[in-house]
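First the proteins, then the strands, lettered A, B, ... as listed; each starts at 1.
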Number of protein chains: 2
Amino acid sequence: MTRTDVLVMVTTRERIVEAADDLFYRQGFEHTSFASIAQAVEISRGNFYHHFKSKDQILDAVIDRRLDNTRAMLEAWEQQAASPRERIRCFVRILITNRAKIELHGCPVGTLTTELAKLEHTAQDKAARVFTLFRRWLTHQFEALGHEAFADALAMHVLGRSQGVAVLASAYRDPTFIDREVDDIERWLKNLRKPRPS
Amino acid sequence: MTRTDVLVMVTTRERIVEAADDLFYRQGFEHTSFASIAQAVEISRGNFYHHFKSKDQILDAVIDRRLDNTRAMLEAWEQQAASPRERIRCFVRILITNRAKIELHGCPVGTLTTELAKLEHTAQDKAARVFTLFRRWLTHQFEALGHEAFADALAMHVLGRSQGVAVLASAYRDPTFIDREVDDIERWLKNLRKPRPS
DNA sequence: GTCTATAATGCGATAGAC
DNA sequence: GTCTATCGCATTATAGAC
């Protein structure tokens, strides 16, 4: 296999994980059956079981995929945005970028961790690690803004507010609410003063 | 039946709805089977079907129960608290009062509407009406504070922040986070200045 | 109102042919 | 790697006796 081939090739396994990721987001983990994933990828159930022996295994692969995608997104923001403040704005504005999906299905991270908590699923902690990627990244940005002492608390604050917006946006399907709250968070961020050195 | 009897009597139907309410909260709607509800109430599945013909029917009854309980709670706050500000504080402090359950299972209202959205269940709008009870009540309080023009936006803001706290509290099981955010919301509420008349 | 027995369906998972 | 066929199980839901 040449190097070019690798770029084009998409394995059946990858197609399964991608379809499962999408279906878990739109329908929920438990509500999504093996049959529906197999149908989406247009393979048989038997073939499916060749790649994944259990539902927990594919959940594990989906979370790994989300961890990878999140890391890539955070790195891209690190490149694109010039200042820590601009980088935090990138995060907040996902609510605008993904508005349509969020109104229909909420936040992929929040809804999955919530569901796994109710199922008392062992993968709950792993799913929460996607949150932790955002949390640590935001913490770094707030540290760069000079808020070393409260950086993690500020990161959790921004993370929490985004989650709240996602929950209510999907409950009411109200786009104006997202705009208002994003504006409010951005105003809050702008008014965050660098603490004077002690 | 005398008046005293009514106070003591609890019908099987009520016991079923109460158990279902609790199980839907802790395990999720779809994950909760008729058998588990019947087991909690200690009746047979057959008896269960005598009271509720379908799973949708019991969900409907559970939401009605939550609507009633919410209305009663809001009325109680209306009596207990002296000022609109104090009343809004009552709402925010549910996060403290119900901390243990929220860390384990999130907010009952938010998690149910989120789940029903993924199932594309017709009861989703009805479940969101519990949110609307809080929303309208908070709107009234902000109006009483003199914020007639932005009362609904302020209500949605408080509602959204509470939801965000609930999601992250259950994802991380971190009680200090709840305390910090509740303090922050109370500080925000305290600093909300009554707009000067135009 | 409460029970047992049972139908009908869909699910996760396995075996084995090609 | 892909398929068909099938098992075992849990679930919703019904029928009918007491």
Side-chain angles (χ1 to χ4, degrees), chain A residues 1 5-6 8-63 112 115-116 118-124 126-127, chain B residues 1 5-6 8-63 112 115-116 118-124:
Chain A
M1 199 191 292
D5 288 335
V6 176
V8 181
M9 176 131 185
V10 179
T11 65
T12 303
R13 193 196 141 93
E14 284 172 313
R15 287 170 57 224
I16 291 175
V17 177
E18 188 182 345
D21 189 348
D22 184 52
L23 286 169
F24 287 175
Y25 176 38
R26 279 164 35 209
Q27 309 185 337
F29 168 66
E30 195 171 35
H31 192 60
T32 301
S33 66
F34 277 34
S36 62
I37 303 173
Q39 193 179 16
V41 189
E42 291 181 311
I43 59 169
S44 70
R45 264 168 297 174
N47 189 6
F48 191 103
Y49 276 92
H50 173 72
H51 295 280
F52 296 97
K53 309 296 175 207
S54 74
K55 208 176 178 184
D56 289 357
Q57 272 187 24
I58 185 162
L59 174 61
D60 201 71
V62 165
I63 297 175
L112 183 63
E115 183 181 359
L116 296 182
K118 304 232 180 208
L119 304 184
E120 296 192 71
H121 198 289
T122 53
Q124 199 211 337
K126 183 164 183 176
Chain B
M1 201 189 291
D5 287 336
V6 176
V8 180
M9 176 130 184
V10 179
T11 65
T12 303
R13 194 196 139 93
E14 286 172 312
R15 288 171 56 222
I16 291 174
V17 177
E18 189 183 344
D21 189 348
D22 184 51
L23 285 169
F24 287 175
Y25 176 39
R26 279 164 35 207
Q27 308 185 335
F29 167 67
E30 195 173 34
H31 191 60
T32 300
S33 66
F34 277 32
S36 62
I37 303 173
Q39 192 179 15
V41 189
E42 290 181 312
I43 60 169
S44 70
R45 265 166 295 174
N47 190 4
F48 192 103
Y49 276 93
H50 173 72
H51 295 281
F52 296 97
K53 309 298 175 206
S54 73
K55 208 176 178 183
D56 289 357
Q57 273 187 22
I58 186 161
L59 174 61
D60 202 68
V62 165
I63 297 175
L112 183 63
E115 182 181 1
L116 295 181
K118 303 233 179 207
L119 304 183
E120 296 191 72
H121 199 287
T122 52
Q124 199 211 334

Using whole Å, what does the distance between atom [atom2] of nucleotide [N] and atom [atom1] of [X] come to?
| X | N | atom1 | atom2 | result |
| --- | --- | --- | --- | --- |
| Arg15(A) | dG1(D) | CZ | P | 13 Å |
| Phe52(B) | dT12(D) | CZ | P | 15 Å |
| Lys55(B) | dG10(C) | NZ | P | 15 Å |
| Phe48(B) | dA15(D) | CZ | P | 18 Å |
| Ile58(A) | dA13(C) | CD1 | C1' | 14 Å |
| Leu119(A) | dC11(C) | CG | C1' | 15 Å |
| Arg45(A) | dG10(C) | CZ | P | 11 Å |
| Leu59(B) | dT12(D) | CG | C1' | 15 Å |

pair Val41(B)-Phe48(B): side-chain heavy atoms closer than 4.5 Å:
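In short, these two side chains do not touch, never coming nearer than 4.5 Å.
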Any side-chain N or O of Asn47(B) less than 4.0 Å from the OP1 or OP2 oxygen of dG1(C)?
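Asn47(B) to dG1(C) OP1/OP2: no side-chain N or O under 4.0 Å.
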Any side-chain N or O of Thr12(B) below 4.0 angstrom from OP1/OP2 of dT2(C)?
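Yes, such a contact exists.
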If you count every heavy atom of other residues, nucleotides or ligands that lies below 6.0 Å from Gln39(B) atom CD, does the total exceed 12?
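No, the 6.0 Å shell around CD holds no more than 12 heavy atoms from other groups.
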Tell me whether the count of non-hydrogen atoms from other residues, nucleotides or ligands lying under 6.0 Å of CD in Glu120(B) goes above 12.
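For Glu120(B), atom CD is not crowded (no more than 12 foreign heavy atoms under 6.0 Å).
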So what does Ser44(B) touch, heavy atoms closer than 4.0 Å: a base, only the sugar-phosphate, or nothing?
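Contact class for Ser44(B): base.
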Classify Thr32(A) by what it touches in the nucleic acid, base, sugar-phosphate, or nothing, heavy-atom distance under 4.0 Å.
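If one applies the 4.0 Å heavy-atom cut-off, Thr32(A) turns out to touch the sugar-phosphate alone, with no base involved.
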Nucleotide nearest [X] (side chain, heavy atoms from C-beta), chosen from [options]:
| X | options | value |
| --- | --- | --- |
| Tyr49(B) | dG12(C), dT11(D), dT14(D) | dT14(D) |
| His51(B) | dT12(D), dC3(D), dT2(C) | dT2(C) |
| His50(A) | dA13(C), dC3(D), dT2(D) | dT2(D) |

How close do Ile37(B) and Leu23(B) get, counting heavy atoms only, and between which atoms?
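Minimum heavy-atom contact is CA-CD1, 3.8 Å.
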Quick one: closest heavy-atom pair of His31(A) and Glu30(B), and the distance?
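Looking at all heavy atoms of both residues, the shortest contact is ND1-OE2, 2.6 Å.
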Between Phe34(A) and Gly46(B), which residue's closest nucleotide on DNA chain C lies nearer the 5′ terminus?
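Nearer the 5' end of the strand: Gly46(B).
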